[in-house]
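Have a look at the structure below before the remarks.
Counting begins at 1 with the first residue of the sequence.
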Amino acid sequence: MLNVAIIIGSVREGRFGPVVADWFVEQAKASGQVALDVIDLAEVDLPLVMPASVPPAPQMTELSRRLHAADAFVFVTPEYNRSFPASVKNVIDWHYTEWQAKPVGLISYGSMSGGQHAIQALRAVFAELHAVTIRETISFVHPWNQFGEDGRHLDPSAPEQAARALLDQLGWWARALKNARAEHPYGS
C-alpha cells in the first residue's frame with residue numbers, strides 16, 4: 001500500500017475544498033491501492049513567521065511527520081487571484097525534504113479556469129523542491145454547480161475517469177520513486 005497525503009488547501013470560511021476532497025477520497029478508496037491521510041490546512045496551526053534557522057516550530061512536528069511518511073501527495077486547491085492560496089504556500093515553505101523525490105497530484109477548482117492557474121503555479125514551486133508533479137490533473141469549473149447537496153458529483157463519468165487516470169499515474173510515480181529512494185536515498 002502506498003501512503004498518500006491529501007492536502008485541502010483552502011482555509012477560507014464557506015470554502016468548497018472539503019467537498020472536492022471528500023469526493024476524491026471516495027475515488028481513491030475505491031482503487032484499493034492507497035492508504036490515505038487527509039490533511040486539512042484549516043485544522044493545522046501554520047505559523048506565519050519563519051525562524052532564521054530551519055528547526056520546525058513545535059506545533060509543526062506532527063504535520064512534518066505525516067508529510068514525511070507520505071509516498072505521494074494530492075493537493076486540492078482553489079484558485080485565488082490566478083494562483084493558489086497563501087495557506088498552500090505556507091505549508092510548502094515550512095517543509096523541504098518531505099517533498100523531495102515524491103510525486104504530487106493536483107486537483108483544482110474555481111470559476112472560469114477551474115483553478116488551472118493554481119496548478120501551473122504549483123508545478124514551478126514543486127519543481128524547485130525536487131518533487132514530481134504528475135501530468136494528469138483534475139479541474140472543476142464552477143464546482144458548486146457540479147456537486148449535489150450530498151457531495152456527490154451530478155455527472156460523475158468524466159470526473160471519475162480523470163480520478164482513475166490521476167491515481168494510476170500517481171501510483172506509478174510513487175512506487176518508482178519509493179523504490180529509487182530505498183535503493184539510493186535522494187540527495188546522497
Could you list the residues that satisfy side-chain contact (heavy atoms from CB on, under 4.5 Å) with A5, not counting sequence neighbours?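 A5: side-chain contact (heavy atoms from CB on, under 4.5 Å) contacts with I39, A70, F73.
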
Sequence-distant partners of P143, side-chain contact (heavy atoms from CB on, under 4.5 Å), two or more places apart: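 Applying side-chain contact (heavy atoms from CB on, under 4.5 Å) to P143 gives F16, Y109, F140, F147.
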
Going by the rule salt bridge (charged side-chain N to carboxylate O under 4.0 Å, His left out), which residues pair with K29 if we only count those two or more places apart in sequence or in a different chain?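 Not a single residue meets the salt bridge (charged side-chain N to carboxylate O under 4.0 Å, His left out) criterion with K29.
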
With sequence neighbours excluded, what pairs up with D71 under the salt bridge (charged side-chain N to carboxylate O under 4.0 Å, His left out) test?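 D71: salt bridge (charged side-chain N to carboxylate O under 4.0 Å, His left out) contacts with K178, R181.
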
So, does [X] use its side chain to make a donor-acceptor pair with the main chain of [Y] at under 3.5 Å?
X	Y	answer
Q146	D155	no
S108	G114	yes
R164	P159	no
Q169	E136	yes
W94	P47	yes

Tell me the closest heavy-atom pair linking [X] and [Y], and the distance in Å.
X	Y	result
G151	W23	O-CB, 4.4 Å
A118	E79	N-OE1, 3.9 Å
Q100	L129	CG-O, 3.4 Å
A28	L167	CA-CD1, 3.7 Å

Within the supplied structure, the quantity of interest is the number of heavy atoms (other residues, nucleotides, ligands) at a distance under 6.0 Å from [X] [atom1]; does it exceed 12?
X	atom1	answer
N145	CG	yes
M112	CE	no
W173	CH2	no
E128	CD	no

For E26 and R152: C-alpha separation, side-chain torsions, deciding distance, then whether side-chain contact (heavy atoms from CB on, under 4.5 Å) applies. CA-CA 10 Å; E26 290 304 313; R152 295 189 183 279; over 6 Å; no

Are [X] and [Y] in one and the same hydrophobic cluster, where Ile, Leu, Val, Met, Phe, Trp and Tyr link if side-chain heavy atoms are under 4.5 Å apart?
X	Y	answer
V38	L106	no
Y80	I7	no
L67	V74	no
I134	V25	yes
V141	I138	no

My understanding is that only one of F84, F24, F126 makes a ring pair (Phe, Tyr, Trp, His ring centres under 6.0 Å) with F75; could you say which?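 Among F84, F24, F126, the one that satisfies the ring pair (Phe, Tyr, Trp, His ring centres under 6.0 Å) with F75 is F126.
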
Who are the side chain to side chain donor-acceptor pair (under 3.5 Å) partners of R66, not counting sequence neighbours?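 By the side chain to side chain donor-acceptor pair (under 3.5 Å) rule, R66 matches D37.
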
Listed partners of R82 passing side chain to side chain donor-acceptor pair (under 3.5 Å), at least two apart: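 Partners of R82 under the side chain to side chain donor-acceptor pair (under 3.5 Å) test: H117.
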
Do [X] and [Y] have side-chain heavy atoms sitting under 4.5 Å apart?
X	Y	result
I107	I6	no
R12	P85	no
R175	L2	yes
V91	L63	yes

When rounded to the nearest 0.5 angstrom, what distance separates [atom1] in [X] from [atom2] in [Y]?
X	Y	atom1	atom2	value
L170	K102	CG	NZ	12.0 Å
S10	D40	OG	CG	9.0 Å
Q27	D22	CD	CG	11.5 Å
S111	W144	OG	CH2	5.5 Å
L166	S31	CG	OG	11.0 Å

List the steps, then state whether side-chain contact (heavy atoms from CB on, under 4.5 Å) holds for I8 with E43. CA-CA 10 Å; I8 303 172; E43 298 172 0; over 6 Å; no

Just by distance, no angles: are the side chains of E98 and H68 close enough, under 3.5 Å, to form a donor-acceptor pair?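 There is no such pair (donor and acceptor under 3.5 Å, judged by atom type) between the side chains of E98 and H68.
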
Verify the distance criterion only: is there a donor paired with an acceptor across the side chains of W172 and D168 at less than 3.5 Å?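 No.
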
Please say which of V44, T77, L41, I92 ends up in a side chain to side chain contact (heavy atoms under 4.5 Å, CB included) with S87.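 By the side chain to side chain contact (heavy atoms under 4.5 Å, CB included) criterion, S87 pairs with just one of V44, T77, L41, I92: L41.
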
